[in-house]
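Read the structure below first, then the notes.
Atoms within a ligand are numbered from 1 in the order they appear, just like the ligands themselves.
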Amino acid sequence: MTVNKQVLLASRPQGAVSTDNFRLVDVPLSQPGEGQLLVRHDYLSLDPYMRGRMDDAKNYVQNVAIDEVMVGAIAGEVIASNHARFKVGDKVIGAQGWQLYSLSDGRGLTRVDTTVAPLSYYLGVLGMPGLTAWIGLIDIGKAKAGETVVVSAASGAVGSVVGQLAKLRGCRVIGIAGGPAKCGYCVSELGFDACVDYKAGRLLEDLQAATPQGVDVYFDNVGGEILDAVLTRMNAHSRIPLCGTISQYDGAKVHGVRNFRSFLVNRIMLQGFIMSDYKSVWPQAIAELTQAVKEGKLKYRESVAEGLERAPQAFIGMLKGENFGKQVVKLT
Ligand SMILES: NC(=O)c1ccc[n+]([C@@H]2O[C@H](COP(=O)([O-])OP(=O)(O)OC[C@H]3O[C@@H](n4cnc5c(N)ncnc54)[C@H](OP(=O)(O)O)[C@@H]3O)[C@@H](O)[C@H]2O)c1
């Protein structure tokens, strides 16, 4: 008998998440019934939103219950099927959670084409993070050629795509990232015009030097002190697509925005957004992202942890910035 392994939410974090908040269990694996299929999970995506799902505070979707399988997207292969639309060997993505296998009735599974890009890319540049980058930069931020775009968490899954899409549109692009290695990557590999290392201790000065024409679009992935610093550089009628506030996710002290007056003086438009609300633009975004990947115009980097049992530690590491590029877990 094949055994499925699952990672459950064992307890809610009190402050920063720890490995004690998770529990690895073995459960028997059933064969698919009529209209069902069985998926082997090859990659698990680890994403910052999962931290919010571990709490019981108000969220934009339901949080994970105690003893429930941790929420998460996977990329894998259909290994048995009694389903009309899926056959054995199909590569799929879906929100099947932190486990090695799942039974499905096909709902929420999407078939992907691994002749275009490797399977794991559909969890990153050609998946939810890539779509998020496109929506925030283009639909909300309305970035135009010649404008200055600043993006935080710049070397990460979303940020790296934001910066490269903005370069492709003729913008001047400044990243903000933690440490010289990530900043060097943004400039020399991804083609950003500059990158500010927020851990170097000169955030305001370095940001000022990197944005002599001010900032037209700030794609905010982190909130907190970095948002406050960028607010000092915003231009009149500039835009802030508010994508995430990762500096505040994991038990950090809440940072109240100090430079609030900048919104008034500069008539800034700030729009918080959740990518799942923008399904109407997904086809256009995916088409553009796929074309750019095919043409080698979008570079992509992953941090790969090995084995489901390492997922909790890799997740905790990602929240602290230990990932370098999109964090996934290789399961097979
Ligand atoms: N709104 C949506 O629909 C949507 C969808 C997807 C993602 N998001 C959000 O987008 C953001 C980026 O997600 P991602 O998947 O691309 O993650 P990621 O950037 O690949 O990984 C997270 C990164 O956040 C940075 N970080 C962690 N703590 C920080 C702090 N205190 N200050 C500044 N930076 C910090 C780290 O980079 P450094 O080493 O550079 O600090 C870390 O590598 C997250 O806030 C996430 O919640 C939103």
Quiz item: If you take all heavy atoms of L8 and D67, which pair is closest and at what distance?
Solution: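 For L8 and D67, the tightest heavy-atom pair comes out as CD1-O, 3.7 Å.
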I need the atoms of ligand 1 closer than 4.0 Å to a non-hydrogen atom of [X], numbered in the order shown.
{"X": "N221", "result": "10 (O), 11 (C), 12 (C), 44 (C), 45 (O)"}
{"X": "V222", "result": "33 (C), 34 (N)"}
{"X": "I226", "result": "33 (C)"}
{"X": "I274", "result": "1 (N), 3 (O)"}
{"X": "T132", "result": "2 (C), 4 (C), 5 (C), 6 (C)"}
{"X": "A177", "result": "40 (O)"}
{"X": "S247", "result": "30 (C), 31 (N), 32 (N)"}
{"X": "A153", "result": "19 (O), 24 (O)"}

Quiz prompt | Which residues share a side-chain contact (heavy atoms from CB on, under 4.5 Å) with S152, sequence neighbours left out | solution = I176, Y218, D220, N221, V222, I226
Quiz item: Excluding sequence neighbours, so at least two apart, what forms side-chain contact (heavy atoms from CB on, under 4.5 Å) with V281?
Solution: W134, I135, D139, Y278
Quiz item: Do the side chains of F219 and I274 join up, straight or via other hydrophobic residues, at under 4.5 Å, putting them in one cluster?
Solution: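 Same cluster.
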More than 12 non-hydrogen atoms from neighbouring residues, nucleotides or ligands closer than 6.0 Å to [atom1] on [X], yes or no?
{"X": "Q62", "atom1": "CD", "answer": "no"}
{"X": "R310", "atom1": "CZ", "answer": "no"}
{"X": "Q213", "atom1": "CD", "answer": "no"}

Could you work out, for [atom], the closest of [options] by heavy-atom distance?
{"atom": "atom 47 (O) of ligand 1", "options": "Y278, F324, F273, Y249", "result": "Y249"}
{"atom": "atom 41 (O) of ligand 1", "options": "Y49, Y198, Y60", "result": "Y198"}
{"atom": "atom 17 (O) of ligand 1", "options": "P241, G156, P48, C243", "result": "P48"}
{"atom": "atom 40 (O) of ligand 1", "options": "G159, G127, S155, G178", "result": "G178"}
{"atom": "atom 28 (N) of ligand 1", "options": "V162, N323, D220, L319", "result": "L319"}
{"atom": "atom 6 (C) of ligand 1", "options": "M128, K182, M275, R51", "result": "M128"}

Quiz item: Does at least one non-hydrogen atom of T245 fall below 4.0 angstrom from an atom of ligand 1?
Solution: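 True for this residue.
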Quiz prompt | 4.0 Å heavy-atom contact, M318 with ligand 1 | solution = yes
Practice problem: May I ask you to check whether A157 has an N/O atom sitting below 3.5 Å from an N/O atom of ligand 1? | Solution: yes
Quiz item: Does the distance from a Lys or Arg side-chain N to an Asp or Glu carboxylate O, for D47 and K326, drop under 4.0 Å?
Solution: yes
Quiz item: Regarding S238 and D216, is there a side-chain donor-to-acceptor distance under 3.5 Å anywhere?
Solution: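 No donor-acceptor contact under 3.5 Å links the two side chains.
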Quiz item: Hey, are D56 and N63 close enough side-chain-wise for a donor-acceptor pair under 3.5 Å?
Solution: no
Quiz item: Do the ring planes of F315 and F22 sit parallel (below 30°), tilted (30 to 60°) or perpendicular (above 60°)?
Solution: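 Judged by the thresholds at 30° and 60°, the geometry between F315 and F22 is perpendicular.
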Which protein heavy atom lies closest to [atom], and at what distance to 0.1 Å?
{"atom": "atom 7 (C) of ligand 1", "value": "V158 CG2, 3.8 Å"}
{"atom": "atom 36 (C) of ligand 1", "value": "G321 CA, 3.5 Å"}
{"atom": "atom 22 (C) of ligand 1", "value": "I246 CD1, 3.6 Å"}

Practice problem: Check for a donor-acceptor pair, side chain of Q248 on one end and backbone N or O of H255 on the other, with a separation under 3.5 Å. | Solution: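 Side chain of Q248 to backbone of H255: a pair is present.
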